[in-house]
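Input: a single structure, listed below in structure tokens.
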Amino acid sequence: MKLATWNVNSLGVRLQHLTNWLQAHPVDVLVLQETKLTDDKFPAAELQAAGYHAAFFGQKTYNGVALLTRSAHDTVVRNIPGFADEQARVIGASVDGLRIVGVYVPNGQAPGTDKYEYKLQWLRGLRDWLREELAVHRELVLMGDFNIAPEDRDVHDPAVWAGQIMCTEAERDQFRHLLELGLVDAFRLFDQPPKSWTWWDYRMLAFRKNQGLRIDHILVSEALRGRVRACSIDREPRKLERPSDHVPVTVELA
DNA sequence: ATGTCACCTGGTAGGTGA
């Protein structure tokens with residue numbers, strides 16, 4: 001089976017890109033970030049026509065997450081239990097024997113800001129919850145927009161980005177703490193092309209110059225490690241007209 | 001070149017967030 005994550009940067013704008021992509025890549029599970037739609041505006045009918053059950057959790061203007069599955073899913077969770085949050089950033093469910101958690105980690109703006117502190121607090125809350133979740137669900141996939149480039153090889157110019165948002169040591173520590181729970185970065189289980197990014201700034205001709213970061217990730221629990229057959233980034237949607245600034249990442253499980 | 005995009009309010013531009 002195949003599972004994927006994609007920050008669409010407004011599902012209202014990107015619905016056609018999404019349905020086209022799903023037609024070409026009929027993954028079994030897809031989590032979306034930055035839908036930017038309240039639940040009453042979520043295009044559930046269009047996605048049902050495309051063959052997907054949808055769970056969604058949105059808000060006005062910002063954030064918003066969704067989970068699409070070919071098979072029926074159940075036991076949906078919205079946001080982090082026990083972590084009070086006014087922003088819609090997490091959706092999880094059980095499907096095909098797997099526990100799926102889709103996340104839109106706060107961007108954090110810049111070190112030293114309130115938003116940065118919120119990001120770090122949020123990541124601590126996520127870790128505390130996932131520790132419990134993993135104890136109950138051995139086969140778990142955590143995927144989404146983490147807004148963290150875990151290592152220098154995930155950054156087009158590590159010198160420029162050193163200490164900047166998405167690359168600070170505190171953020172990378174939080175990412176490592178997630179791995180320490182017993183999660184594996186599926187992308188790094190395989191040889192990958194150098195300069196593999198999932199996000200390019202709209203500005204500065206960043207995509208044309210391939211100046212990006214790898215900040216969208218798929219982490220699988222140790223119990224799933226042996227089932228991972230491939231993990232790849234699809235940069236094609238970034239070439240379309242009016243693209244999202246992020247592209248999809250897909251993992252294949254046996 | 002902080003050079004783009006999305007979405008809001010409230011209006012034919014400016015602010016916020018990424």
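Chain A is the first sequence line, chain B the second, and so forth, proteins listed ahead of strands; every chain is numbered from 1.
- With 3.5 Å as the limit, one finds no donor-acceptor pair spanning the side chains of A:Trp200 and A:His156.
- Here A:Asp185 pairs with A:Arg214 in a salt bridge; the nearest charged N to carboxylate O distance falls below 4.0 Å.
- A:Asn107 has its CG atom 16 Å from the P atom of B:dT16, to the nearest Å.
- Between the CD atom of A:Gln109 and the C1' atom of B:dT2 there is a distance of 14 Å, given to the nearest Å.
- Contact check, A:Arg203 against B:dA18: no side-chain N or O comes under 4.0 Å of OP1 or OP2.
- Heavy-atom minimum distance, A:Leu98 versus A:Leu253: CD1-CD1, 3.9 Å.
- Across residues 206-214 of chain A, not one residue has a non-hydrogen atom less than 4.0 Å from an atom of DNA chain B.
- A close approach under 4.0 Å does occur between a side-chain nitrogen or oxygen of A:Lys60 and OP1 or OP2 of B:dT9.
- The same atom, P, is picked in B:dG10 and in B:dA6; the two are 23 Å apart, to the nearest Å.
- Side chains of A:His177 and A:Glu180: a donor on one and an acceptor on the other come within 3.5 Å.
- Per the geometry, NZ belonging to A:Lys36 stands 12 Å off P belonging to B:dG17, to the nearest Å.
- For the OP1/OP2 pair of B:dA6 and a distance below 4.0 Å, the side-chain nitrogens and oxygens of A:Arg242 include at least one atom meeting the criterion.
- The NZ-P distance, from A:Lys119 to B:dG17, rounds to 15 Å in whole Å.
- Summarising the geometry, the separation between CH2 on A:Trp199 and C1' on B:dG17 is reported as 13 Å, rounded to the nearest angstrom.
- Remark: nothing in residues 148-156 of chain A comes within less than 4.0 Å of DNA chain B through any heavy atom.
- Side chains of A:Asn9 and A:Tyr202: a donor-acceptor N/O pair is present below 3.5 angstrom, by distance only.
- Of the candidates B:dC7, B:dC5, B:dT16, B:dT16 carries the atom nearest the A:Tyr62 side chain, counting heavy atoms from C-beta on.
- Contact annotation: A:Thr61 does not reach the phosphate of B:dT16 (side-chain N/O to OP1 or OP2, under 4.0 Å).
- Counting only N and O atoms by type, the side chains of A:Asp28 and A:Tyr52 include no donor and acceptor under 3.5 Å apart.
- Summary of the strand contacts: A:Val13 and A:Lys115 both lie near DNA chain B, and taking for each the nucleotide with the nearest heavy atom, the more 5' one is attributed to A:Val13.
- A:Arg14 and A:Ser244 share no side-chain donor-acceptor pair at under 3.5 Å.
- As a whole-Å value, the separation of A:Trp161 CH2 from B:dA18 P is 14 Å.
- The distance from atom CZ of A:Arg238 to atom P of B:dC5 is 9 Å, rounded to the nearest whole Å.
- Distance, A:Arg14 CZ to B:dT4 P: 16 Å, rounded to whole Å.
- For the side chain to side chain donor-acceptor pair (under 3.5 Å) with A:Tyr118, the lone residue among A:Asn107, A:Asp85, A:Thr113 that qualifies is A:Asp85.
- A donor-acceptor contact closer than 3.5 angstrom is absent between the side chains of A:Thr5 and A:Asp216.
- Between A:Leu205 and A:Leu11, the residue anchored nearer the 5' end of DNA chain B, judged by the nucleotide with its closest heavy atom, is A:Leu205.
- We find that A:Glu151 and A:Arg176 are not joined by a salt bridge, their nearest charged nitrogen and carboxylate oxygen being 4.0 Å or further apart.
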